[in-house]
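This report concerns only the one structure given below.
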Amino acid sequence: MVHQKKLVEEVSGWLRTFDDGSVDRTWTGPPEVTFMAEPVPPHEEFKEGVAVRDVTIDEKSGLRVRIYLPQHEPHYTDNHNKLPIIVHFHGGGFCISQADWYMYYYMYSRLARSASAIVVSVYLRLAPEHRLPAAIDDGFSALMWLRSLGQGHDSYEPWLNNYGDFNRVFLIGDSSGGNLVHHVAARAGHVDLSPVRLAGGIPVHPGFIRSVRSKSEMEQPESPFLTLDMVDRFLKLALPKGCTKDHPFTCPVGHAAPPLDGLNLPPFLLCVAETDLIRDTEMEYYEAMRKANKDVELLINPGVGHSFYLNKIAVDMDPHTAAQTTGLMEGIIEFIKRH
């Protein structure tokens, strides 16, 4: 008799897990948003001022990155005019989404073009097949790969080696990718990265949370990109088995986490959306970083929710969302220019 696999868990239209261990990530929500989760193929020719290639950076593990190269003048090959490198960690509650999804392509090709920077977006392993710290390991591996390119031993990637400034490397991450900015930077603080210099970290609406619900979780409206159901279920699938949301991966300011003042972190720009469900716990992180005398700046976008800038429909249809997305982008670019 053939065993009919049974549904174990479903998360807000994004993901289903089954009793045989399989996972289905087919989007089952409103079809009009499907396009945002469609993969965009790489293109080596410049389109709207940006070229894109996918590169395998570790043959053994199969770890890949997507590189966005902005069109620039040939004189950029001399050292003075090389382009900053922005390493990007995508969101998705550690459980869904890929670096080649349209929502990231649209946002990070725009950032590469507007900031005149090379963006290196990491194809992170996903939970529940690969629970944390797998995604942190992947983010750190990407940084180590940049170090090996900079050292020029046995690695070479023409776009990065010819045009990238290894002395100005930034980390940026959306939502759960913002958690990775903190943890990858903290891990990098123990290592000699030279010739790479970590110049800054930019967690955008990071998934910092705790077991006890915050006021904003109870009062702020849910959005397509973040519901309490997603917060609870994704993290249950992503954290090490048996751990609560007070684990340092999701609560870097909690009792279980290493004290912030002992971490060697670069300057941070924390980006917060005013009506984000998890705004309060993000602000607890900001206050704790300040108390620990860390160099942390705050950018708050009023009247918008979690990952608002990735919602292409809202960015196109709603002037306020469009204006706040431009404001967020300008704040990020300004931070990069100063560091």
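Because the structure is a prediction, the values reported are computed rather than measured. Only this structure's heavy atoms are used, side chains among them; waters, hydrogens and symmetry mates stay out.
- Placement of I85 and V52 in two distinct hydrophobic clusters is found when ILVMFWY residues are connected by side-chain heavy-atom separations under 4.5 Å, directly or transitively.
- Taken from CZ in F249 to CG in L180, the straight-line distance is 10.0 Å, to the nearest 0.5 Å.
- By the 4.0 Å N-to-carboxylate-O rule, R64 lies too far from D100 to be salt-bridged with it.
- To the nearest 0.5 Å, atoms OG1 (T26) and CG (L15) are separated by 9.5 Å.
- In the hydrophobic cluster analysis, where Ile, Leu, Val, Met, Phe, Trp and Tyr join through side-chain heavy atoms closer than 4.5 angstrom, L277 is grouped apart from L328.
- Closest heavy-atom contact between C271 and P206: O-CD, 4.0 Å.
- Aromatic ring centroids of H88 and Y108 lie under 6.0 Å apart.
- A side-chain donor-acceptor contact under 3.5 Å links T227 to the backbone of M230.
- At a threshold of 4.0 Å, the pair E334-R338 counts as salt-bridged, since one of the basic side-chain nitrogens sits closer than that to a carboxylate oxygen.
- Between E284 and R210 there is a salt bridge, with a side-chain nitrogen of the basic residue lying less than 4.0 Å from a carboxylate oxygen of the acidic one.
- Although no hydrogens or angles enter the test, the distance criterion places no donor-acceptor pair under 3.5 Å between the side chain of R168 and the main chain of L83.
- In this structure, the side chains of S121 and Y104 stay at 4.5 Å or more apart for every pair of heavy atoms.
- Proximity of a side-chain donor or acceptor of D261 to a complementary backbone N or O of A292 within less than 3.5 Å is not detected.
- Applying the 6.0 Å contact sphere to CD of E44 captures more than 12 heavy atoms from other residues, nucleotides or ligands.
- The shortest heavy-atom contact between H306 and I278 is CE1-CD1, 3.9 Å.
- At distances below 3.5 Å, at least one donor-acceptor pair connects side-chain atoms of E222 with backbone N or O atoms of L228.
- Nearest heavy atom pair, residue L171 against residue A185, reads CD1-N, 3.9 Å.
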task: Evaluate the criterion side chain to side chain contact (heavy atoms under 4.5 Å, CB included) for residue pair L310 and M107; output intermediate values, then yes/no.
output: CA-CA 7 Å; L310 294 176; M107 182 66 186; 3.9 Å; yes
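- From D137, atom CG reaches atom CZ of R125 across 6.0 Å, with rounding to the nearest 0.5 Å.
- Nearest approach of F170 to A199, heavy atoms of both residues: CZ-CB, 3.7 Å.
- Checked by atom type and distance alone, the side chain of Q220 never pairs as donor or acceptor with a backbone atom of D276 at under 3.5 Å.
- Classified by interplanar angle (parallel below 30°, tilted 30° to 60°, perpendicular above 60°), the ring pair Y285/H182 is perpendicular.
- In this structure, L198 is a member of the same hydrophobic cluster as I118, with clusters built from ILVMFWY side-chain heavy atoms closer than 4.5 Å.
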query: Please walk me through it: do N311 and M36 pass side chain to side chain contact (heavy atoms under 4.5 Å, CB included)?
result: CA-CA 8 Å; N311 185 346; M36 290 194 277; 3.6 Å; yes
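- Salt bridge annotation for K5-D19: absent, with no cationic side-chain nitrogen under 4.0 angstrom from a carboxylate oxygen.
- The local environment of CZ in R290 is sparse, with at most 12 non-hydrogen atoms from other residues, nucleotides or ligands closer than 6.0 Å.
- For the pair D280 and K215, the salt-bridge criterion is not met [side-chain N within less than 4.0 Å of a carboxylate O].
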task: Apply the test side chain to side chain contact (heavy atoms under 4.5 Å, CB included) to residues L299 and F335: give CA-CA distance (whole Å), side-chain angles for both, the deciding distance (0.1 Å), then the verdict.
output: CA-CA 10 Å; L299 188 163; F335 175 81; over 6 Å; no
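- The one candidate from I333, I332, T326 that meets the side-chain contact (heavy atoms from CB on, under 4.5 Å) condition with M329 is I333.
- Here the side chain of D165 pairs no donor or acceptor atom with the backbone of N81 at under 3.5 angstrom.
- Note that OG of S109 and OH of Y102 are 8.0 Å apart. Values are rounded to the nearest 0.5 Å.
- With respect to R53 and E45, no salt bridge is recorded, no charged nitrogen being found less than 4.0 Å from a carboxylate O.
- A distance of 10.5 Å separates CG in L260 from NZ in K291, rounded to the nearest 0.5 Å.
- Linking ILVMFWY residues whenever their side-chain heavy atoms come closer than 4.5 Å, directly or via other members, leaves V119 and L149 in distinct clusters.
- D20 meets the salt bridge (charged side-chain N to carboxylate O under 4.0 Å, His left out) test with no other residue; sequence neighbours excluded.
- With ring centers used as reference points, H43 lies under 6.0 Å from Y105.
- Salt-bridge annotation for R16 and D24: present, with a side-chain N of the basic residue lying under 4.0 Å from a carboxylate O of the acidic one.
- Here the shortest heavy-atom pairing between L193 and A188 reads CD1-CB, 4.0 Å.
- In this structure, CH2 on W27 lies 5.0 Å from CH2 on W14, to the nearest 0.5 angstrom.
- When side chains are defined from C-beta on, S141 does not count as touching D58, because their heavy atoms never get closer than 4.5 Å.
- Put simply, the side chain of H320 gets close to the backbone of P302: a donor and an acceptor are under 3.5 Å apart.
- Side-chain N or O atoms of S176 include one that pairs as donor or acceptor with a backbone N or O of G93 at under 3.5 Å.
- For K294 (side chain) and A288 (main-chain N/O), no donor-acceptor pair under 3.5 Å exists by modelled atom type.
- A salt bridge between K236 and E9 is present, with a side-chain N of the basic residue lying under 4.0 Å from a carboxylate O of the acidic one.
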- prompt: Run the side chain to side chain donor-acceptor pair (under 3.5 Å) check on D54 and Y123 step by step: do they pass?
  reply: CA-CA 10 Å; D54 288 338; Y123 284 89; 3.1 Å; yes
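- When ring centroids are compared, H205 and Y309 come within the 6.0 Å threshold.
- Remark: side-chain polar atoms of S223 are paired, donor with acceptor, to backbone N or O of F225 under 3.5 angstrom.
- The two atoms that bring V304 and A273 nearest to each other are O-CB, 3.3 Å, heavy atoms only.
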message: Would L126 and I96 count as a side chain to side chain contact (heavy atoms under 4.5 Å, CB included) here? Give the steps.
response: CA-CA 7 Å; L126 301 176; I96 56 163; 5.5 Å; no
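- Side-chain polar atoms of S12 and D229 form a donor-acceptor pair below 3.5 angstrom.
- Side-chain heavy atoms closer than 4.5 Å link hydrophobic residues (I, L, V, M, F, W, Y) into clusters, and following such links, possibly through other members, connects W145 to V181.
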